[in-house]
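On a predicted model such as this, the values are computed, not experimentally measured, just so you know. We name chains A, B, ... by the order of the sequence lines, and we start the count at 1 in each one.
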There are 2 protein chains.
Amino acid sequence: MEGHEKLEKARERIIETIAQNIHLYGLVPSAGRQYGMMFFQNEPLTLDDMTEKLGMSKTSMSTSVRALSDLKLVERAWKKGVRKDLYKVSDDWYQSFIDLFSIKWRRSVTLHLVAIKKSLAELEELSKDPTVNEELQEEIKIDIEKLKYIRNYYDWLERLVDVFEDQKIFDLVPIMNDSQD
Amino acid sequence: MEGHEKLEKARERIIETIAQNIHLYGLVPSAGRQYGMMFFQNEPLTLDDMTEKLGMSKTSMSTSVRALSDLKLVERAWKKGVRKDLYKVSDDWYQSFIDLFSIKWRRSVTLHLVAIKKSLAELEELSKDPTVNEELQEEIKIDIEKLKYIRNYYDWLERLVDVFEDQKIFDLVPIMNDSQD
DNA sequence: TAGTTTGTACAGTTTTTACTGTATAAACTA
DNA sequence: TAGTTTATACAGTAAAAACTGTACAAACTA
């Protein structure tokens, strides 16, 4: 096998692994392949470059590069004299992981807390209603306890997201370079 | 609106929120709805119970309860005299979150590290090959650096998973109950 | 301003995934 | 052992998602 082929194969292995694991970011394999391909390019790419490299339509490249950008896995780049939009992979992977939490998980936490607070308020109101029978009253009480439990859980999750966002996580789990060279 | 209706509506809101966010666990909304429904039941359920409550086929219930069990969101339960399999939601949501990392993210980290080490070894071998031209040699060198960077990243991610798994995360982000009562 | 180039909205198609119904194996019962 | 009950494998169908090609608006160029 020739040198260039060997390099290509070593890259392909990584790209395919990324493609098969990108679902953890809520993305489909082809977006992962796109990301992986871009990772090994030393220059920012245009949508047309991607179309050529991946053999997919420009429309697809456009939509998936947007999905990658939304998660801040990919960012816009500029190069003198190039009119087309240019994209490159964000080079801080630790930050990308943190961004996943800031974007996806925080959103989820917020949605949950809104719903929980609303339902909790309704049930607490209902528990004061003298017209509801005892059996139902008991059910309401149980549900209130359950909602308080999950409210505490999402509060915790929110604080966890904070800890990522403000980089405190690196105190507990420090970045260590070249541990096994 | 009658009492029981109000209770049901308060529950529905939570269930639907879970359904819409369960994709973070790699599950589809219907599995989230199933989980949410089970959360508000105070007794373990059989597959037939779920079929009835959700109006879906028993086959579906079987496959999605398995998916939920694989992520340890749901566990088997036993009740005297009941022959059918019984399931209940795991009641420690903090542990469920940790299990997500232990199961999905650790698997991903491992796959990545295997691929990276393999490719890195190949490229380091190739970089010693005197028959490859200088230009290619330069590319190889760049790729080796990139792979070392992401190896460090996945090492970090592995340590992060460890920190969840051995509960040390609770030192940094403690569980706090009823913070806003 | 007219003529290009570029990115994306949108409709249609292909592919994939979710879901159902039937068939069957395994476990239980009498 | 024969007869049930229960869970799931599997094949087929329905629904959803990914992907493509065309059309067009916005931005640029001359």
Would you list the protein and nucleotides 28-30 of chain D atom pairs, both N or O, that sit under 3.5 Å from each other?
| unit_1 | atom_1 | unit_2 | atom_2 | d |
| --- | --- | --- | --- | --- |
| D:dC28 | O3' | A:R83 | NE | 3.3 |

What does the list of N/O pairs under 3.5 Å between the protein and nucleotides 13-15 of chain D look like, with a distance for each?
none

Would you list the protein and nucleotides 21-26 of chain D atom pairs, both N or O, that sit under 3.5 Å from each other?
| unit_1 | atom_1 | unit_2 | atom_2 | d |
| --- | --- | --- | --- | --- |
| D:dG21 | O6 | A:T59 | OG1 | 2.9 |

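Between A:K58 and C:dG7 there is a side-chain N or O to OP1 or OP2 distance below 4.0 Å.
Using cut-offs of 30° and 60° for the angle between ring planes, the B:F97 and B:F101 rings count as tilted. Ring geometry for A:Y94 against B:Y153 counts as perpendicular: the plane angle is over 60°, on a 0 to 90° scale with 30° as the lower cut.
Note on B:D162 versus B:R106: salt bridge recorded, some NZ/NE/NH1/NH2 to OD/OE distance being below 4.0 Å. The pair A:K6-B:E125 fails the salt-bridge criterion, with no side-chain N (NZ, NE, NH1 or NH2) lying under 4.0 Å from an Asp/Glu carboxylate O. B:K88 has a carboxylate O that lies under 4.0 Å from a charged side-chain N of B:E75, or vice versa, which qualifies the two as a salt bridge. Between B:E139 and A:R11 a salt bridge is recorded (basic side-chain N to carboxylate O distance below 4.0 Å).
Cation-pi contact between B:K146 and A:F39: present, with separation from the ring centre below 6.0 Å and deviation from the ring axis of at most 45°.
With a 6.0 Å radius and a threshold of 12 heavy atoms from other residues, nucleotides or ligands, A:K118 has its NZ atom at or below the threshold. More than 12 non-hydrogen atoms from other residues, nucleotides or ligands lie less than 6.0 angstrom from CZ of A:R76. The local environment of CD in A:E135 is sparse, with at most 12 non-hydrogen atoms from other residues, nucleotides or ligands closer than 6.0 Å. Other residues, nucleotides and ligands contribute only 12 or fewer heavy atoms inside 6.0 Å of the NZ atom of B:K53.
As rounded to whole Å, 16 Å separates atom C1' of D:dT6 from atom CG of B:L45. Distance A:D48 CG to C:dG7 C1': 10 Å, rounded to the nearest Å. What separates CE of A:M56 from C1' of D:dA17 is a distance of 13 Å, to the nearest Å. Per the geometry, CE belonging to A:M50 stands 11 Å off P belonging to C:dT8, to the nearest Å. Between the CZ atom of A:R66 and the P atom of C:dT6 there is a distance of 19 Å, rounded to whole Å. One can place CG of A:L86 at 12 Å from C1' of C:dT6, the figure rounded to the nearest angstrom. For the pair B:K84 NZ and D:dT8 P, the interatomic distance rounds to 13 Å; values are reported in whole Å. Counting to the nearest Å, the C1' atom of C:dT6 and the CG atom of A:D85 are 8 Å from each other.
Residues of residues 20-35 of chain A that place a heavy atom closer than 4.0 Å to DNA chain D, in numerical order, are A:V28, A:S30. Within residues 67-82 of chain A, no residue has a heavy atom under 4.0 Å from DNA chain C.
For the residue pair A:D129 and A:T131, a side-chain donor N or O sits within less than 3.5 Å of a side-chain acceptor on the partner. Inspection of the A:D99 and A:S96 side chains reveals no N or O donor paired with an N or O acceptor under 3.5 Å. No side-chain N or O of A:T46 forms a donor-acceptor pair with one of A:D48 less than 3.5 Å apart.
Residues A:L24 and B:S108 share a closest heavy-atom pair of CD1-CB, 3.4 Å.
Between B:T63 and A:M61, the one whose closest nucleotide on DNA chain D sits nearer the 5' end is B:T63.
Residues meeting the ring pair (Phe, Tyr, Trp, His ring centres under 6.0 Å) test with A:Y35, sequence neighbours left out: A:W93.
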